[in-house]
Engineer: 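Here you go, one structure.
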Amino acid sequence: MRVVIMTGVSRGLGPALARVLLDRGLAVLGVGRSSAAGLEGEHYRFAPCDLADVAGIDAAVAPAFGALAGLAPTWACLVNNAATIEPFGVTARHDGAAIARSLAVNLAAPVALAALFLRAFPDTSVERRIVNVSSGTARSAVAGSGLYCEAKAGLEMLTRVLAAEVQDPAFRAVSLRPGVIDTDMQTRAREQSEDTLPAVAMFRKFHADRRLVAPDVAAAKIVDKVILGKRRHGATYAWPDLEKPLGES
């Protein structure tokens with residue numbers, strides 16, 4: 001049996017990935033505040049969890065992780081997909097509460113889930129991997145979306161740290177930059193004023209130029225090439241070329 005734990009299954013890329021995985025015959029555990037309609041069946045489970053409450057993550061989902069481990073899977077994967085692009089605004093406008101919530105969902109929660117995953121699946125005979133869904137903003141600063149950029153850069157560092165710490169040949173951690181997906185996050189960005197999001201023209205141009213990729217189109221390739229594919233430990237892969245790690249010629 002192969003099992004996948006997936007955060008962010010309420011809308012966007014997450015449910016699309018989950019549906020492809022279920023169609024491929026894998027068992028999926030969704031984690032988050034809600035689950036998309038249509039994600040159901042004997043191979044789908046859902047563990048409610050507010051990822052902004054990092055201190056409560058272990059208590060909320062450890063039983064579900066343990067139940068999966070109890071099925072004695074031969075292959076297990078954590079996909080840290082959940083993210084929030086809000087709050088928008090330049091750095092000087094953010095208060096402590098907004099900063100804490102954004103970084104909790106986008107960075108601290110993935111670290112906590114990675115730690116729990118490693119504890120729940122310690123058996124080195126089980127092939128394990130962690131896929132951290134990042135963004136091109138991990139490399140390129142976007143004015144008015146700084147908290148998101150900063151968290152995604154940290155998420156890619158999490159991948160590299162895991163590669164440095166876990167040398168087990170049955171374990172792989174990779175980062176994925178999925179490109180510009182046609183999701184609610186893109187819609188919300190286009191709706192902002194230039195005062196709030198100085199880079200709003202970039203998001204509007206993505207839409208005007210028809211560069212946005214449908215979640216189901218992206219999901220099929222991501223599942224086959226990154227989640228199920230043989231990828232290099234600690235590397236980052238970016239849409240549309242998911243065969244070659246970034247930084248390789």
Engineer: Counting distance only, does the side-chain N/O of K221 pair as donor-acceptor with the main-chain N or O of P240 below 3.5 Å?
Structural biologist: yes

Engineer: Is any NZ, NE, NH1 or NH2 atom of the basic residue among E127 and R129 found under 4.0 Å from an Asp or Glu carboxylate oxygen of the other?
Structural biologist: yes

Engineer: Consider only side-chain N and O atoms of S175 and E156, and report whether a donor and an acceptor are under 3.5 Å apart.
Structural biologist: no

Engineer: Testing the 3.5 Å rule here: is there a donor-acceptor pair between the side chains of T196 and S193?
Structural biologist: yes

Engineer: Under 3.5 Å, is there a donor-acceptor pair linking the side chains of Y148 and T84?
Structural biologist: no

Engineer: Tell me if the CD atom of E194 is crowded by more than 12 foreign heavy atoms within 6.0 Å.
Structural biologist: no

Engineer: Give the minimum heavy-atom separation between A82 and N106, together with the two atoms involved.
Structural biologist: O-OD1, 4.4 Å

Engineer: Starting from the C-alpha separation in whole Å, work towards a yes-or-no answer on side-chain hydrogen bond (donor to acceptor under 3.5 Å, both in side chains) for N81 and T7.
Structural biologist: CA-CA 5 Å; N81 167 70; T7 64; 5.3 Å; no

Engineer: Verify side chain to side chain contact (heavy atoms under 4.5 Å, CB included) between L113 and F65, making sure each step is shown before the conclusion.
Structural biologist: CA-CA 10 Å; L113 288 165; F65 277 48; 4.0 Å; yes

Engineer: Once rounded to the nearest 0.5 Å, what's the spacing between atom OG1 of T183 and atom CZ of R188?
Structural biologist: 12.0 Å

Engineer: Strictly below 4.0 Å, N to O, side chains only: are E40 and R45 in salt-bridge contact?
Structural biologist: no

Engineer: Kindly say whether A170 contributes a backbone atom to a donor-acceptor pair with the side chain of D168 at under 3.5 angstrom?
Structural biologist: yes

Engineer: Would you check, one step at a time, whether the test side chain to side chain contact (heavy atoms under 4.5 Å, CB included) holds for V133 with V79?
Structural biologist: CA-CA 7 Å; V133 179; V79 181; 4.0 Å; yes

Engineer: Tell me if a side-chain donor or acceptor on R231 pairs with a main-chain N or O of L242 at a distance below 3.5 Å.
Structural biologist: yes

Engineer: Taking a hydrophobic cluster as the set of Ile, Leu, Val, Met, Phe, Trp and Tyr residues connected by side-chain heavy atoms closer than 4.5 Å, whether directly or through intermediates, do L13 and L155 fall within one such cluster?
Structural biologist: no

Engineer: Could you tell me which non-hydrogen atom of V54 sits nearest to which non-hydrogen atom of A108, and how far apart they are?
Structural biologist: CG2-CB, 3.7 Å

Engineer: Using modelled atom types and a 3.5 Å cut-off, is there a donor and acceptor pairing between side-chain atoms of H207 and backbone atoms of L212?
Structural biologist: no

Engineer: Are R128 and D123 within salt-bridge range, i.e. N to O under 4.0 Å?
Structural biologist: no

Engineer: Could you go through I222 and V20, starting from their C-alpha distance and side-chain angles, then the distance that decides it, and tell me whether this counts as side chain to side chain contact (heavy atoms under 4.5 Å, CB included)?
Structural biologist: CA-CA 10 Å; I222 289 168; V20 173; over 6 Å; no

Engineer: How long is the span from the CZ atom in F203 to the CE atom in M185, to the nearest 0.5 Å?
Structural biologist: 8.5 Å

Engineer: When clusters are formed by joining ILVMFWY residues with side-chain heavy atoms under 4.5 Å apart, either directly or through shared neighbours, do M6 and I57 land in the same one?
Structural biologist: no

Engineer: Using the rule side chain to side chain contact (heavy atoms under 4.5 Å, CB included), only one of D23, L26, L21 pairs with V223; which is it?
Structural biologist: L21

Engineer: With a 4.5 Å cut-off on side-chain heavy-atom distances among I, L, V, M, F, W and Y, is there a chain of contacts connecting V226 to L228?
Structural biologist: yes

Engineer: Check P87 against A98 and note the closest heavy-atom contact, atom names and distance.
Structural biologist: CG-CB, 3.9 Å

Engineer: Do any N or O atoms from the side chain of R204 and from the backbone of R190 form a donor-acceptor pair under 3.5 angstrom?
Structural biologist: yes

Engineer: Within a strict 4.5 Å, meaning less than it, do heavy atoms of the V200 and F88 side chains meet?
Structural biologist: no

Engineer: What's the verdict on salt bridge (charged side-chain N to carboxylate O under 4.0 Å, His left out) for D216 and R19, showing C-alpha distance, side-chain angles and the deciding distance?
Structural biologist: CA-CA 9 Å; D216 57 340; R19 291 186 184 102; over 6 Å; no

Engineer: Please report the interatomic distance OG(S35) to OH(Y44), rounded to the nearest 0.5 Å.
Structural biologist: 2.5 Å

Engineer: Can you confirm whether H233 is buried at NE2, in the sense that more than 12 heavy atoms of other residues, nucleotides or ligands lie under 6.0 Å from that atom?
Structural biologist: yes

Engineer: Should L51 and L17 be regarded as members of a common hydrophobic cluster, given that ILVMFWY residues are connected when their side-chain heavy atoms come within less than 4.5 Å of each other, either directly or indirectly?
Structural biologist: no

Engineer: Using every non-hydrogen atom in the two residues, find where G234 and A163 come nearest and quote the distance to one decimal.
Structural biologist: CA-CB, 3.5 Å

Engineer: With a 6.0 Å cut-off (strictly less than), is the heavy-atom count around NZ of K225, excluding the residue itself, greater than 12?
Structural biologist: no

Engineer: How many angstroms lie between CG in D58 and CZ in R119, if you round to the nearest 0.5 Å?
Structural biologist: 5.0 Å

Engineer: Should R93 and D195 count as an ion pair when the cut-off is N to O under 4.0 Å?
Structural biologist: yes

Engineer: Check whether V61 and L39 end up in the same hydrophobic cluster, where Ile, Leu, Val, Met, Phe, Trp and Tyr are linked by side-chain heavy atoms less than 4.5 Å apart.
Structural biologist: no

Engineer: Just wondering, do V90 and P198 contact through their side chains at under 4.5 Å, heavy atoms?
Structural biologist: yes

Engineer: If you take all heavy atoms of I85 and A189, which pair is closest and at what distance?
Structural biologist: CD1-CB, 4.5 Å

Engineer: Flag this pair as yes if the NZ/CZ of R177 is under 6.0 angstrom from the six-membered ring centre of Y237 and inside a 45 degree cone about the axis; otherwise no.
Structural biologist: no

Engineer: Using 0.5 Å steps for rounding, measure from the CG atom of N132 to the CG atom of N80.
Structural biologist: 5.0 Å

Engineer: Closest heavy-atom contact between L197 and S145?
Structural biologist: CD1-N, 4.0 Å

Engineer: Start with the C-alpha distance between T236 and V174, add both sets of side-chain angles, then the distance that settles side chain to side chain contact (heavy atoms under 4.5 Å, CB included), and finish with yes or no.
Structural biologist: CA-CA 6 Å; T236 297; V174 300; over 6 Å; no

Engineer: Please tell me if the side chains of L107 and E150 come closer than 4.5 Å, counting only heavy atoms from C-beta onward.
Structural biologist: no

Engineer: Say you draw a straight line from CD of E86 to CD of Q192; how long is it, rounded to the nearest 0.5 Å?
Structural biologist: 6.5 Å

